[in-house]
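As the structure is a computational prediction, the values presented were derived from the model and not from experiment. Both counts, for ligands and for their atoms, begin at 1 and track the order of listing.
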Amino acid sequence: MKHAKKILVTQSYLPPLTDYVSYLKTLWGTKWLTNNGALVQELEQKLADYLGVKHVLYLSNGTIAIQLALKALGITGEVITTPFTYVATTTSILWENCTPVFVDIDPKTYCLDPKKIEAAITPKTQAIMPVHVYGYPCDVEAIEHIAKKHHLRVIYDAAHAFGTKVNGRSVLSYGDVSSLSFHATKLFHTIEGGAVATNDDALAKKMAYYRSFGHVGDDYYMMGINAKNSEFHAAMGLTIFPKVPAIIKHRKALVELYDTILDGVLFRPEISKNVIYNYAYYPVLFTEESVLLKVKAALEAHNIIPRRYFYPSLNTLSYLGTSQSCPVSEDIARRVLCLPLFYDLKKSEVQKIAKLVRKNL
Ligand SMILES: *Cc1c(COP(=O)(O)O)cnc(C)c1O
């Protein structure tokens, strides 16, 4: 039996193979495959320029990026964070033996609600870890104000925010450090990969030591871990990097097409005027979970596989051992669905998906 092609919520972008191979050829010449090689350094420089931050350290993934940031900032206590994100945000905090303290989200932006942060601050609070969820920036000014007032560090999980700008600035220029993920499903990817971005010279230096066992020259300078990434992964990044403007442009056109068909029938997160968005995801919010389930089933019957990003709300994770209530996040998590959005998705497919959604409301 012939299986119909499934349209998944995302599909990795692959550049022309010959472009990738031409980078690989240099490696057969140098035989330098990892350990801060030339391609890693070139990628870091290009990303720092494009993302508007002083230092970008290329890492093996976006999860170790969060862990490295927590470790380098000496965070050992409570971290105020959002329950509406991918599970890696929470588990990285737990893995570093810190305590996640969940603060509810803003019902308009789905990002950590700054108005609710101060009530959660205790003498043990050391950091705030907000997430620019779906690539929509958090209220960075309000968070900066609170962090300054209470002497807290800010680590942004910017896994979705590659290329997003706010107030004419890179969203990555806010906070002490931002983490990025270049996993194959992300807007810009290096198969596996991630980075930390910071404007702080001393912090960048410390994270660079941590990335490579704390090993400097002949000296084991400090305790570290292996968070490096290879020349092969950097080569994929360098091959995809020049395509990023075209990738974002095409995603924008698809999003606008979804919008024209779904406008007025579904809720969407609000995006303020001072934001240049990267079109990383297409989340839609239904009036009730039952409607979401009906639409999801209807799409699946047509081999279209959307995802319940982000579900469940992470404050309800069974292994937390505590119960913290975040009613807004729990409610939105039950009602939000991400529709397919990726570079190779066709306009005719977007039309088909959006019409199916409309029909099943
Ligand atoms: C993808 C993702 C991560 C983890 O990144 P990996 O590169 O897969 O380790 C962390 N946080 C968020 C919000 C993500 O979406």
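The shortest N/O to N/O separation between Y86 and ligand 1 does not fall below 3.5 Å. Where the criterion is an N or O separation shorter than 3.5 Å, residue side chain and backbone included, Y281 fails it with respect to ligand 1. Some N or O of H160 is nearer than 3.5 Å to an N or O of ligand 1, by distance alone.
Classification of the F232-W28 ring pair by plane angle, with boundaries at 30° and 60°, yields perpendicular. By the 30° and 60° cut-offs, the orientation of the rings of H160 relative to Y134 is parallel. Classification of the H250-Y343 ring pair by plane angle, with boundaries at 30° and 60°, yields perpendicular.
Residue contacts with ligand 1 do not include E192, since none of its heavy atoms lies under 4.0 Å from the ligand. The closest approach between a heavy atom of S92 and any atom of ligand 1 is not below 4.0 Å.
Which parts of ligand 1 touch D157 is read off a 4.0 Å heavy-atom cut-off, strictly below it: atoms 10 (C), 11 (N), 12 (C), 13 (C). Every atom of ligand 1 is numbered from 1 in the order shown, and the set under 4.0 Å from a heavy atom of K186 is 1 (C), 2 (C), 14 (C), 15 (O). Each of the atoms 13 (C) of ligand 1 lies under 4.0 Å from some heavy atom of T85. Within ligand 1, the atoms closer than 4.0 Å to a non-hydrogen atom of N61 are 7 (O), 9 (O), numbered from 1 in the order shown. Using a 4.0 Å cut-off to heavy atoms of G193, the atoms of ligand 1 that qualify are 7 (O).
Between atom 14 (C) of ligand 1 and the options G62, A280, A159, the minimum heavy-atom separation is to A159. Nearest residue to atom 9 (O) of ligand 1 from T63, V131, L59 is T63 (criterion: closest heavy atom).
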Next item on the list: Tell me, with the steps shown, if H215 and Y220 meet ring-ring contact (aromatic ring centres under 6.0 Å, His included).
Entry: CA-CA 5 Å; H215 191 163; Y220 301 115; 4.5 Å; yes
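When only non-hydrogen protein atoms are considered, atom 5 (O) of ligand 1 lies nearest to S181 OG, 3.2 Å.
Atom-to-atom distance recorded for K116:NZ and T82:OG1 is 10.5 Å, nearest 0.5 angstrom. Separating the CG atom in N315 from the CZ atom in F84 is a distance of 11.5 Å, to the nearest 0.5 Å.
The only option from Y58, F182, Y50 that meets the ring pair (Phe, Tyr, Trp, His ring centres under 6.0 Å) definition with F241 turns out to be Y50.
Classification of E289 and R308 as a salt-bridged pair holds, one side-chain N sitting under 4.0 Å from a carboxylate O.
No chain of hydrophobic side-chain contacts below 4.5 Å, direct or via other Ile, Leu, Val, Met, Phe, Trp or Tyr residues, connects L70 to L314.
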